[in-house]
A.B. asks: 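Pasting in a structure now, in structure tokens, and then I'll have a few things to ask.
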Amino acid sequence: MPEGPSILILKELVQQFKHKTVAEATCNNKSLDASLLVDKRIIDFKSWGKHFLICFPKFTVRIHMMMFGTYRINTHTAKPPRLGLRFTDDTELNFYACQLQLITEPLDKAYDWQADIMSDHWSSRKAIKKMKADPDLLVCDALMDQHIFSGVGNIIKNEALFNARIHPESLVSALPPKKLTEMINEAVKYSFQFLEQKQAGTLKKNWKAYHKKECPRNHVPIIRKDTGKSHRTSFYCEVCQKLYK
DNA sequence: GCGGTTGTTCCCAT
DNA sequence: CATGGGAACAACCG
């Protein structure tokens, strides 16, 4: 479910609930007092990377799908939802296996919109500045850092590095400036391709490195390795992805 | 039944 | 105190 593009799809699908008033709200754990939402009107839906935001006049509900989060629109599953919303016109919106958080401060204070890779406010310059602050930073960790590349997940990381021909264990500080820019551009580009391919139902079939057996460029085996401080699996080609160190 | 996973946070040992 | 490992959580697939 997660990674930024999937959250944009969710945002699109729930537009029908914008401006609707919550008639009934339930939460199946203690993370949120659902009664706060009753009789409140949804004024907007926003997102920041993997965060999905339901905006009410005086507060925002943050939903993070983590690995396994799901949702149902105008239907529900047998299990009670983590967050269930029923509206005054009897439509419903349900979220499962997600993390909830109430945000009461202004959103502009809570979020750096320039860090959201799929936002109109995305700033490559700022990302470069953040990365250069750590001389030991590996590219695989940089791309997974939500403060730098909010919305990038393990799929986008691996596909972007493959497309940019950069080995995941390369040092950010060892990349020539042009190469660093290329990496960022590939991450942005693939994020939007991810969105289109997911909507078309062709996401998996277009993967070039992620969970692949061999490199589509030269047919040597794709390496699968636990990489970086983030210890997330990288899939890469040792032959065509250069190690900068 | 088990292992793996599009993610993150927290606890504890070092 | 910074770092890192492991656990915890959660759901589905093969």
Side-chain angles (χ1 to χ4, degrees), chain A residues 1-11 13 26-32 47-53 61-72 75-84 94-103 110-112 115-118 133-138 140-163 168-169 186-213 222-236:
Chain A
M1 172 58 223
E3 303 222 15
S6 299
I7 301 302
L8 290 190
I9 291 170
L10 166 60
K11 192 162 70 174
L13 292 174
T26 59
C27 176
N28 75 345
N29 72 3
K30 290 180 176 179
S31 61
L32 181 74
S47 61
W48 181 80
K50 300 166 187 172
H51 295 200
F52 177 63
L53 305 166
V61 174
R62 186 195 101 172
I63 299 181
H64 197 306
M65 297 295 191
M66 309 300 285
M67 288 271 229
F68 313 119
T70 54
Y71 56 87
R72 292 290 187 280
T75 184
H76 50 266
T77 68
K79 289 186 181 178
R82 173 60 41 83
L83 177 65
N94 300 294
F95 297 92
Y96 305 85
C98 54
Q99 267 187 9
L100 303 177
Q101 192 175 310
L102 191 69
I103 300 176
Y111 290 112
D112 173 9
D116 182 350
I117 192 148
M118 299 184 77
D134 180 0
D136 301 320
L137 184 65
L138 301 183
C140 59
D141 288 327
L143 285 167
M144 294 297 281
D145 187 330
Q146 300 301 295
H147 298 292
I148 307 176
F149 294 98
S150 175
V152 170
N154 210 25
I155 297 172
I156 296 172
K157 175 194 83 178
N158 281 298
E159 292 297 299
L161 288 175
F162 179 83
N163 290 337
E169 293 176 309
E186 289 296 342
V188 173
K189 191 170 90 184
Y190 181 73
S191 294
F192 285 97
Q193 288 174 345
F194 183 127
L195 173 61
E196 285 177 20
Q197 290 169 8
K198 178 111 182 165
Q199 285 171 323
T202 58
L203 182 68
K204 290 188 184 186
K205 114 179 166 186
N206 282 294
W207 286 339
K208 296 179 194 142
Y210 184 73
H211 277 285
K212 299 302 283 186
K213 288 276 176 279
I222 287 284
I223 307 294
R224 175 190 182 128
K225 186 183 177 190
D226 181 297
T227 52
K229 289 184 179 177
S230 54
H231 290 286
R232 298 300 301 277
T233 306
S234 286
F235 299 84
Y236 58 96

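In what follows, every chain begins at residue 1, and chains take the letters A, B, ... in the order their sequences are listed.
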A.B. asks: Measure CG/A:D226 against C1'/B:dG4 and give the value in whole Å, please.
C.D. replies: 13 Å
A.B. asks: With rounding to the nearest 0.5 angstrom, report the CG to CG distance, A:L8 to A:L13.
C.D. replies: 11.0 Å
A.B. asks: Whole-Å distance between C:dC9 P and A:I63 CD1?
C.D. replies: 21 Å
A.B. asks: Round to a whole Å and report the spacing from NZ of A:K229 to P of B:dT8.
C.D. replies: 18 Å
A.B. asks: Rounded to the nearest 0.5 Å, what separation is found between the CD atom of A:Q99 and the CE atom of A:M65?
C.D. replies: 11.5 Å
A.B. asks: Rounded to whole angstrom units, what separation is found between the CG atom of A:D141 and the P atom of B:dG7?
C.D. replies: 14 Å
A.B. asks: Between C:dA11, C:dA10, B:dG7, which nucleotide gets closest to the side-chain atoms of A:K79?
C.D. replies: C:dA11
A.B. asks: Is the closest basic N to carboxylate O distance between A:K225 and A:E169 below 4.0 Å?
C.D. replies: yes
A.B. asks: Please state how far atom NZ in A:K204 lies from atom C1' in C:dC13, giving the value in whole angstrom units.
C.D. replies: 9 Å
A.B. asks: For A:R232 and C:dG6, give me the distance from atom CZ to atom C1', rounded to whole Å.
C.D. replies: 15 Å
A.B. asks: Would you check, one step at a time, whether the test side chain to side chain contact (heavy atoms under 4.5 Å, CB included) holds for A:V152 with A:E3?
C.D. replies: CA-CA 6 Å; A:V152 170; A:E3 303 222 15; 5.6 Å; no
A.B. asks: Rounding to a whole Å, what distance do you find between A:H147:NE2 and B:dT9:P?
C.D. replies: 7 Å
A.B. asks: Measuring to OP1 and OP2 of C:dG4, would you say a side-chain N or O of A:H231 lies under 4.0 angstrom away?
C.D. replies: no
A.B. asks: Would you say the side chain of A:I117 lies within less than 4.5 Å of the side chain of A:V188, judging by non-hydrogen atoms?
C.D. replies: yes
A.B. asks: Does B:dT8 have OP1 or OP2 sitting under 4.0 Å from an N or O in the side chain of A:H64?
C.D. replies: yes
A.B. asks: Mind calculating the distance between CG (A:L100) and C1' (C:dC9) to the nearest angstrom?
C.D. replies: 13 Å
A.B. asks: If you compare every side-chain N and O of A:K50 against the phosphate oxygens of B:dT8 (OP1, OP2), does one of them come in below 4.0 Å?
C.D. replies: yes
A.B. asks: Find the distance between CZ (A:F52) and CG (A:L10) and round it off to the nearest 0.5 Å.
C.D. replies: 4.0 Å
A.B. asks: Check every atom of C:dA11, C:dG4, B:dT8 against the side chain of A:M66 and return the nucleotide holding the closest atom.
C.D. replies: B:dT8
A.B. asks: If you look at every strand shown and take non-hydrogen atoms under 4.0 Å, does A:H51 touch a base, only sugar-phosphate, or nothing?
C.D. replies: nothing
A.B. asks: Return one dot-bracket line describing DNA chain C 5' to 3' (Watson-Crick or G-U wobble pairs, both distances under 3.5 Å; ( ) same strand, [ ] crossing, | another strand, . none).
C.D. replies: .||||||||.||||
A.B. asks: Flag the pair A:F95 / A:P81 as yes when at least one side-chain heavy-atom distance between them is below 4.5 Å, and no otherwise.
C.D. replies: no
A.B. asks: NA contact type, A:Q146, heavy-atom cut-off 4.0 Å: base, sugar-phosphate, or nothing?
C.D. replies: sugar-phosphate
